[in-house]
Every structure is written in C-alpha cells, then in structure tokens.
Amino acid sequence: MLVGWGAGSGEASSPLRALLATYEPDAGFGATNRGRYSNEEMDALLKKALVTVDDEKRDELLAQATEVAMEDVGLIPVHFQVNTWGTRDGLEYIPRTDEYTLATSVRPVD
C-alpha cells in the first residue's frame, strides 16, 4: 500500500497512532495499519506519550516509539516530502507544517 501522511501538529503521535499502532478499533489505534504491524514496546511508548503533558518528555517518548518502529521496519518510507519556497529581497515566508502555501503569510522583513 502506498500512503501519504502529514501531521499538522508537527509531532509523530498521529502517524504512529494511525499507521503503526497495533490495530485496536475501539481505542482508535491502528486505523490505517493495513499490514497489521504490531510491536508491544512501540505501543507502550506511544500510549505513555499520549497521556504525557510535558512537551519535552512527550517528544522523547514519541522519538523512542518512532525509533522502535523504524528499526523493526514497521513500514518502509519511499518518499520524503521536501518543500521549497523562494521570496524576493525584503520579503520572508515562514512555511507551515501542514504544507499550505498562502500568499497572506508573506511578510516584509524588518
């Protein structure tokens, strides 16, 4: 299966929960995990991250969960999206994590 996934929040919880978590429809885990990948260690790290309020601790747990899944080859990434924007002198554009490119986001440089 070929699928693209983005996370507007910029963190890994959404793709981990949908694409790699063990399929648990009643809990909302693994909804698009078509290969039925399952790893108890990754699931535990993800579930702990999802209830962790501290941003640094949650980021670390999500990084660990991602590392476990990638080392276990839970999925095989074949494309990494890279967007490039250009502006003329005197203007700046700060890219959005959702990849929308909006003319209203162009600002004059101070």
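This one's a predicted model, so the numbers in the text were calculated from it and none came from an experiment.
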Would a single hydrophobic cluster contain both Y23 and L50, if residues Ile, Leu, Val, Met, Phe, Trp and Tyr are joined by side-chain heavy-atom contacts under 4.5 Å?
no
Verify the cluster assignment for V78 and V73: are they in a single hydrophobic cluster under the rule of side-chain heavy atoms below 4.5 Å apart?
yes
Are any non-hydrogen side-chain atoms of [X] and [Y] less than 4.5 angstrom apart?
X	Y	answer
R107	I94	no
F29	K47	yes
D72	E41	no
L75	P77	yes

Between [X] and [Y], what is the shortest heavy-atom contact and its length?
X	Y	result
A49	L62	CB-CD2, 3.7 Å
D43	S38	OD2-OG, 4.4 Å
Y93	V106	CD1-CG2, 3.8 Å
T101	W85	OG1-NE1, 2.7 Å
R58	V53	NH1-O, 3.2 Å
P108	L91	CA-CD2, 4.0 Å

Apply the test side chain to side chain contact (heavy atoms under 4.5 Å, CB included) to residues L20 and N33: give CA-CA distance (whole Å), side-chain angles for both, the deciding distance (0.1 Å), then the verdict.
CA-CA 6 Å; L20 290 164; N33 182 350; 5.6 Å; no
Nearest-0.5 Å distance, [atom1] of residue [X] to [atom2] of residue [Y]:
X	Y	atom1	atom2	value
L45	Q64	CG	CD	5.5 Å
L19	T32	CG	OG1	4.0 Å
L61	S13	CG	OG	11.5 Å

Is there a side chain to side chain contact (heavy atoms under 4.5 Å, CB included) between M42 and L16 once you walk through the steps?
CA-CA 9 Å; M42 197 286 301; L16 288 173; 4.1 Å; yes
Between T22 and E40, does the side chain to side chain contact (heavy atoms under 4.5 Å, CB included) criterion hold? Intermediate values first, please.
CA-CA 8 Å; T22 298; E40 290 179 16; over 6 Å; no
Side chain to side chain contact (heavy atoms under 4.5 Å, CB included) assessment of L46 paired with R17:
CA-CA 7 Å; L46 173 60; R17 183 177 185 150; 4.2 Å; yes
